[in-house]
Amino acid sequence: MPNTILVGAQWGDEGKGKVIDVLTAQSDVIVRFQGGSNAGHTVIADGKKYVLHLIPSGILHAGKQCVIGNGVVMDPFDLITEIGILRAEGIEIDGRLLISDRTHMVMRWHRALDAADEARRCEKTKIGTTGRGIGPAYGAKMGRTGLRVGDMLSPHFLDAVRGQSDAANEILASWGAPVLDVDEMVKVYRQAAETLKPYIADTVAYINEADRKGKSILLEGAQGTMLDIDFGTYPFVTSSNPTSGGACTGSGLSPRRIDRVVGVIKCYTTRVGSGPFPTELKDETGEHLRQKGGEFGATTGRPRRCGWFDAVVGRYSAMVNGVDFWAMTKLDVLDEQPVIKICTAYLRDDGVRYESFPADTSVLDRCVPVYEEMPGWMQPTSKITRYEDLPLKARVYVERLVELIGGRLGILSVGPARETTLRTGL
Ligand code: IMP
């Protein structure tokens, strides 16, 4: 069975949870490779809705092994809460969940610094983060002061907690933000370390051993390509690499062991937080997509910004990730649109045309999207279970998207239920 990387191709929230759920059935080991509890994967299993932030949704499938990889930044308290919720639902965790000893931790002071940093920025420079401490945790990792999961096993861990919370308090105080109670930090992290010890492992060795034994590994990304720290709309991005390259650095599985890359892409576009969004619709069509698509953040509940499909983004994502197959989601959200637009390029006010996504996103302020229009199918699709049964105009739309962005269609999703995941090649 193949080893698969699954990535989001837009600004996150592409419906990865549902696609992961389908691909999990073909996998033995599911590895989350980046991000933290800024992500929120919504999965409906056996009629119950689960929103998971850190633990791969493979945990909902009996017998599957789940790994939180080294590329993740893990908040111990969020993880403990998530373990508790799953246990209360009768889901077996012990022996099935491993956390890499190399995974960096999001500490309470990272959250406090994230909130305080956003609060002191002006409207124009606010990133609109999820407030989960992601930027400061990855900052500490790159600055070589981070605390890793394996450090919880060290007798010096609590000294480090004391030292680092003291240092963070100095910054917080200088920004006029509330400071943390250092003794309380030591107390709660002592307990957290005790609770999480049984799950800590050398997951790099584990994943590679599983690969050698012929197990099928699914490397699941959070967020999306346009939020990538290198390839996204910098600085309005997250602090990790949600693109396919991040799957290898975030898990320890070699690029040579990857068989295929699946890109998850919505049939329109959304984004949460600040930053450029060329095809954004600030009118009633955008509002319709938001309501019909339930476009509200799984982590923060914030309304998502909505707009037409952007093939410039799709092509760029196909290139950066090396997408073999697309999983296209939420086609049914477009069922009531008489005319559907697709952005094929950006046109600058001086006539320069952008077919590829520019690094300097400030040029987008001077650009308008170049649209082509397609007739809508104006029929419900959310009960259809075979690709051939879709209205002709819906198939023409999907096939045009694939033609514009390259690659092959593997999955098309037309509704939240498992049966509405139409398989066309995966
Ligand atoms: P952070 O990752 O919390 O630092 O937030 C940085 C940017 O990424 C903000 O615009 C967030 O809204 C966005 N972001 C982070 N996680 C997600 C996600 O799972 N879905 C969509 N946007 C996200």
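Remember, it's 1-based here, ligands and their atoms both numbered in the order they're listed.
- The pair R271-E280 does not count as a salt bridge, with every side-chain nitrogen at least 4.0 angstrom from each carboxylate oxygen.
- Side-chain contact between M152 and K197 is absent, with no heavy atoms from C-beta onward closer than 4.5 Å.
- Considering only residues two or more places apart in sequence or on other chains, F77 meets the ring pair (Phe, Tyr, Trp, His ring centres under 6.0 Å) condition with Y189.
- Sorted by chain then number, the residues whose non-hydrogen atoms approach ligand 1 to under 4.0 Å are W11, D13, N38, A39, I127, G128, T129, T130, I134, Q223, L227, V237, T238, V272, G273, R302.
- Qualifying ring pair (Phe, Tyr, Trp, His ring centres under 6.0 Å) partners for F277, counting only residues two or more places apart in sequence or in other chains: W11.
- Taking a cutoff of 4.0 Å between a charged side-chain nitrogen and a carboxylate oxygen, D75 and R108 do not qualify as a salt bridge.
- Every residue meeting the side-chain contact (heavy atoms from CB on, under 4.5 Å) condition with T361, not counting sequence neighbours, appears here in chain and number order: T233, P276, F357, L364.
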